[in-house]
Structure formats: C-alpha cells, structure tokens
Amino acid sequence: MKFSVSKTDGSARRGVLEFTRGRVETPAFMPVGTLASVRSVSPEEVEDSGSQIVLGNTFHLMLRPGVEVIEAHGSLHDFMGWRGPILTDSGGFQVWSLAKKKDVTEAGVKFHSPVDGSTVFLDPEGSMQIQKALGSDIVMCFDECTAYPASREEATASMHLSMRWARRCRDSTLSEGQALFGIAQGSMFEDLRLASLDELTKIGFDGYALGGLSVGEPKDEMIRVLDAVVSAMPKDKPRYLMGVGKPEDLIAGVRAGIDMFDCVLPTRNARNGWLYTRSGIVRLKNAANRLHTGPIEPGCECPACSSFSRAYLRHLYVTGELLGPRLCTLHNLWFFQRLMNDIRLSISEGRFSDFSNEFLGLFRGENADVV
C-alpha cells in the first residue's frame with residue numbers, strides 16, 4: 001500500500017491509497033460487506049456507485065462460512081467477486097457488541113458464538129491468521145472496544161490491553177502486500193487517546209485508526225475527541241475513523257483530518273425506507289410519497305432516481321417487494337459516494353469550508369421530513 005496527500009485545505013486532506021488491486025481516492029467512504037456482500041446489491045453495482053473499497057468482517061466470516069471455504073476460492077476477493085481493495089475489521093468490535101457472554105483475558109477473548117452458541121476463542125494472533133487467509137488489502141489490529149460510558153480506570157486498563165495486543169498483531173506474519181493498521185482507544189479521555197497513539201506510533205503501522213467512537217456518546221463528545229486527537233496522528237499515514245457514517249459526521253471527520261470512513265448506515269437505513277438527499281432524509285412510508293411521481297432526489301443519476309418515482313419505491317417498500325431494498329440501497333450508496341467526491345473536489349479547489357457550510361445548511365438531518 002502506498003499513501004500520498006495531494007492537497008490540504010485547513011486540516012482536510014485529499015489523497016490516494018494505491019494497492020495492487022486499484023486506487024482509492026481519499027477521503028473515502030467504505031460500504032460495509034460484513035458477510036462478504038454489501039447486502040442486496042452486486043459487486044458491479046457497488047462499483048458503479050463510485051465505491052472503490054469495501055469492508056469485510058473477520059468475526060462474522062470466521063463463523064460463517066468459515067475461513068477454509070474462503071481459502072478454497074483463493075481470497076475474499078475471489079469468493080465475493082469484488083475486484084477492488086478490501087479492508088477487514090479484526091473482530092474486536094463485534095466481540096464487544098454481539099458476544100453476550102465473553103471472558104476477556106490477556107491471552108484473548110473467549111465467547112459464545114451468536115450463530116450456534118459454541119465456544120469460540122479469538123486472540124491477536126488468530127485474528128491476524130484469519131485476515132491473512134482472507135487476503136484483505138488492509139488488516140486491522142485486534143483490539144478491545146472500550147464501552148461507553150467508561151470510568152477512567154476502565155478506559156485506561158482497556159487501552160493498555162489493546163496496545164499490548166497491537167504489538168502482538170505487529171509481530172505476527174501477514175502476506176506480502178497486506179497493510180496493517182493500528183487502532184487507538186481511550187474512550188472520551190483525550191490524554192489516553194494521545195497516549196494510545198504515541199504507543200502505536202512507536203510500534204509502527206501502515207495506517208492508524210480511531211476506534212471506540214460512535215458507541216453511544218453524545219455527538220459533541222465525539223467531536224471534542226476528534227478535534228483533540230486527529231492532528232496528533234501521523235501525517236504521512238492514512239487516518240481511519242471507524243464506524244462513523246452520518247453525513248454531518250463525515251464532514252466533521254474530514255474537517256479534523258480523517259481520510260477513511262465506514263458505516264452500515266446507508267445500507268441499513270435503505271432497507272428501512274430511509275433515503276438520503278441533500279435536503280435531508282426521505283422516509284418512504286410517509287403518506288406524502290404515495291402520489292409523488294418525481295424521483296427520490298432530482299439530479300441524482302442512480303438507478304432508482306433514473307427510472308422510478310417515489311410512489312413506486314414506496315409501493316415496493318410497503319408491499320415487501322425485494323426490488324425495493326435493492327433500489328433504495330443503490331440510491332444511498334450513490335448519495336454517499338457523490339458526497340465524498342464533492343468533498344474531495346472542494347478540498348482540491350480550496351473551498352472545503354464553504355462547501356461544508358452550504359451542505360450542512362441544506363442537509364436538515366434526521367429530524368426533518370423531506371417531501
């Protein structure tokens with residue numbers, strides 16, 4: 001992996017990640033393909049939306065279908081038919097969020113599988129071995145996601161455990177060409193976050209991520225941590241804000257200097273009939289859309305807006321027709337990639353601040369009904 005920054009505008013950065021499987025323009029938003037699929041749409045449709053990299057998940061793929069199935073195909077890319085780069089999450093967040101009973105020790109984490117209840121053990125070395133077998137282009141360190149709220153004592157212990165695990169991940173052997181990213185933890189404590197970054201920088205990684213944000217904390221707390229910490233991340237390495245994806249949060253992250261984002265929001269909300277537009281969110285089930293013969297968003301060139309009306313999409317949604325979530329997902333994917341492209345262009349032209357203010361002035365957020 002090669003990373004370069006071509007333009008800055010304040011702290012906002014435009015750059016490019018280069019892999020053997022292709023280039024990724026940054027700031028970049030990665031659609032989430034947890035189970036080797038961006039739900040309901042094909043790899044070609046994901047690529048047509050402008051997406052250049054997708055995310056897969058170690059935790060879920062080790063349980064289903066199992067690493068041996070993917071290895072038999074060569075790599076996760078071959079298994080799911082995606083030609084571009086893939087980032088795989090280590091599984092640490094899913095252990096935290098999905099494993100109801102877990103035993104966290106220095107060695108690793110023992111938990112019950114949410115699939116069949118069997119006992120599973122995952123440690124830093126195991127996560128690296130699985131991600132090596134998946135053949136992902138970016139491998140994430142195995143970490144413990146600190147819960148919110150957390151006391152200073154809890155956050156300190158969790159952060160130091162993640163740093164010891166990070167060193168074990170760095171000492172593991174990956175395949176040639178795989179990049180390894182470290183993950184900074186520390187909850188809402190700025191000094192712990194900075195200490196975590198300092199330790200990760202001493203270990204040395206190909207990129208650096210912030211984990212444990214957007215886990216229930218108030219928005220202003222997340223922004224405070226970003227403003228205090230991102231500038232301390234190495235300037236010559238890609239910076240990744242994990243699990244953050246609301247449009248206004250993407251703007252805030254880019255403003256702070258973040259290069260990479262991922263979130264299930266555009267695809268999950270699409271399946272629930274929530275469609276993103278520059279003016280806010282269209283809720284398909286609203287009665288006002290029943291006779292609406294126009295597209296979701298005028299000017300959008302996605303397959304849904306190009307050929308179908310809101311009334312038709314609402315009909316698909318309320319009747320449970322499978323075409324509905326597919327078209328809604330495609331629209332949201334196109335919206336997010338168009339937003340990222342506009343952000344990159346505004347940075348190149350030195351007008352990111354003006355673009356941000358204009359976008360946020362129009363985008364009225366989740367509390368506004370757009371009809």
Side-chain angles (χ1 to χ4, degrees), residues 1 3 17 24 26-34 38 51 53-61 85-98 124 127 131 136-148 150 155 158-159 161-163 165-166 169 179-188 192-193 196-197 200 205-217 219 221-230 232-234 237-268 336 340:
M1 183 194 76
F3 175 67
L17 289 159
V24 177
T26 64
F29 179 84
M30 298 179 284
V32 175
T34 300
V38 178
S51 303
I53 181 173
V54 298
L55 182 146
N57 188 263
T58 297
F59 177 90
H60 290 283
L61 294 173
I86 295 175
L87 179 149
T88 47
D89 193 4
S90 68
F93 178 82
Q94 284 69 34
V95 169
W96 170 78
S97 63
L98 297 177
S127 177
Q131 292 182 81
S136 48
D137 302 274
I138 298 178
V139 172
M140 299 304 299
C141 274
F142 187 68
D143 64 332
E144 183 184 36
C145 182
T146 308
Y148 179 86
S158 178
M159 183 272 284
L161 176 62
S162 288
M163 295 306 96
W165 284 357
C169 290
L180 179 61
F181 281 29
I183 305 175
Q185 292 288 351
S187 189
M188 301 299 115
L192 295 182
R193 288 279 180 179
S196 179
L197 274 175
L200 291 173
F205 291 93
D206 302 302
Y208 296 84
L210 297 178
L213 291 174
S214 194
V215 292
E217 76 277 4
K219 182 67 62 67
E221 285 287 279
M222 183 186 78
I223 300 301
R224 177 180 59 80
V225 171
L226 286 178
D227 289 343
V229 172
V230 176
M233 301 174 81
K237 304 291 185 181
R239 302 161 168 174
Y240 171 25
L241 178 56
M242 304 180 73
V244 170
K246 291 183 178 180
E248 60 269 32
D249 295 344
L250 299 180
I251 295 285
V254 171
R255 182 183 292 114
I258 294 293
D259 305 301
M260 302 168 64
F261 305 85
D262 82 280
C263 193
V264 299
L265 206 66
T267 49
R268 178 180 290 170
F336 272 70
M340 300 312 295

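Fair warning: this is a prediction, and the values are worked out from it, not measured in the lab.
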S.K.: Which atom pair, heavy atoms only, marks the closest approach of D259 to K237?
M.R.: OD2-O, 4.0 Å
S.K.: Is the backbone of M233 close enough, under 3.5 Å, to the side chain of R239 for a donor and an acceptor to pair up by distance?
M.R.: yes
S.K.: Determine yes or no for a side-chain-to-main-chain donor-acceptor pair under 3.5 angstrom, with T58 supplying the side chain and Q131 the backbone.
M.R.: no
S.K.: Quick check: do F59 and V95 have side-chain heavy atoms less than 4.5 Å from each other?
M.R.: yes
S.K.: Report all side-chain donor-acceptor pairs from residues 208-217 shorter than 3.5 Å, counting only partners two or more places apart or in another chain.
M.R.:
{"from": "Y208", "atom 1": "OH", "to": "F205", "atom 2": "N", "distance (Å)": "3.1"}
{"from": "E217", "atom 1": "OE1", "to": "S214", "atom 2": "N", "distance (Å)": "3.3"}
{"from": "E217", "atom 1": "OE1", "to": "V215", "atom 2": "N", "distance (Å)": "2.9"}
{"from": "E217", "atom 1": "OE2", "to": "S214", "atom 2": "N", "distance (Å)": "2.5"}

S.K.: Which heavy-atom pair separates C141 from G182 by the least distance, and what is that distance?
M.R.: SG-CA, 4.0 Å
S.K.: Step by step, would you call F3 with D206 a side-chain contact (heavy atoms from CB on, under 4.5 Å)?
M.R.: CA-CA 9 Å; F3 175 67; D206 302 302; over 6 Å; no
S.K.: For residues S51 and P31, report the shortest heavy-atom separation together with the two atoms involved.
M.R.: OG-CG, 3.3 Å
S.K.: Closest approach of S90 and S127, non-hydrogen atoms and distance?
M.R.: O-OG, 3.0 Å
S.K.: On a heavy-atom basis, which atom in C263 and which in G243 lie closest, and how many Å separate them?
M.R.: SG-O, 3.9 Å
S.K.: Can any side-chain N or O of S196 pair as donor or acceptor with the backbone N or O of Q185 at less than 3.5 Å?
M.R.: yes
S.K.: For I223, which residues count as a side chain to side chain contact (heavy atoms under 4.5 Å, CB included) partner, sequence neighbours excluded?
M.R.: K219, L226, D227, A252
S.K.: Test Y148 against M222 for side-chain contact (heavy atoms from CB on, under 4.5 Å), laying out the working first.
M.R.: CA-CA 11 Å; Y148 179 86; M222 183 186 78; over 6 Å; no
S.K.: On a heavy-atom basis, which atom in G186 and which in A155 lie closest, and how many Å separate them?
M.R.: O-CB, 4.2 Å
S.K.: Name all residues meeting the ring pair (Phe, Tyr, Trp, His ring centres under 6.0 Å) criterion together with F336; count only those two or more places apart in sequence or in a different chain, and write none if there are none.
M.R.: F29, Y276
S.K.: So, using side chain to side chain contact (heavy atoms under 4.5 Å, CB included) as the criterion, who are the partners of S158 when residues are at least two apart?
M.R.: E144, T146
S.K.: Residues in ring pair (Phe, Tyr, Trp, His ring centres under 6.0 Å) with Y240, at least two apart?
M.R.: none
S.K.: Do T267 side-chain atoms and V264 backbone N/O form a donor-acceptor pair below 3.5 Å?
M.R.: yes
S.K.: Restricting to side chain to side chain donor-acceptor pair (under 3.5 Å), what partner residues turn up for S136, sequence neighbours left out?
M.R.: T88
S.K.: So, the side chain of D262 versus the backbone of M242: is there a donor-acceptor pair under 3.5 Å, distance only?
M.R.: no
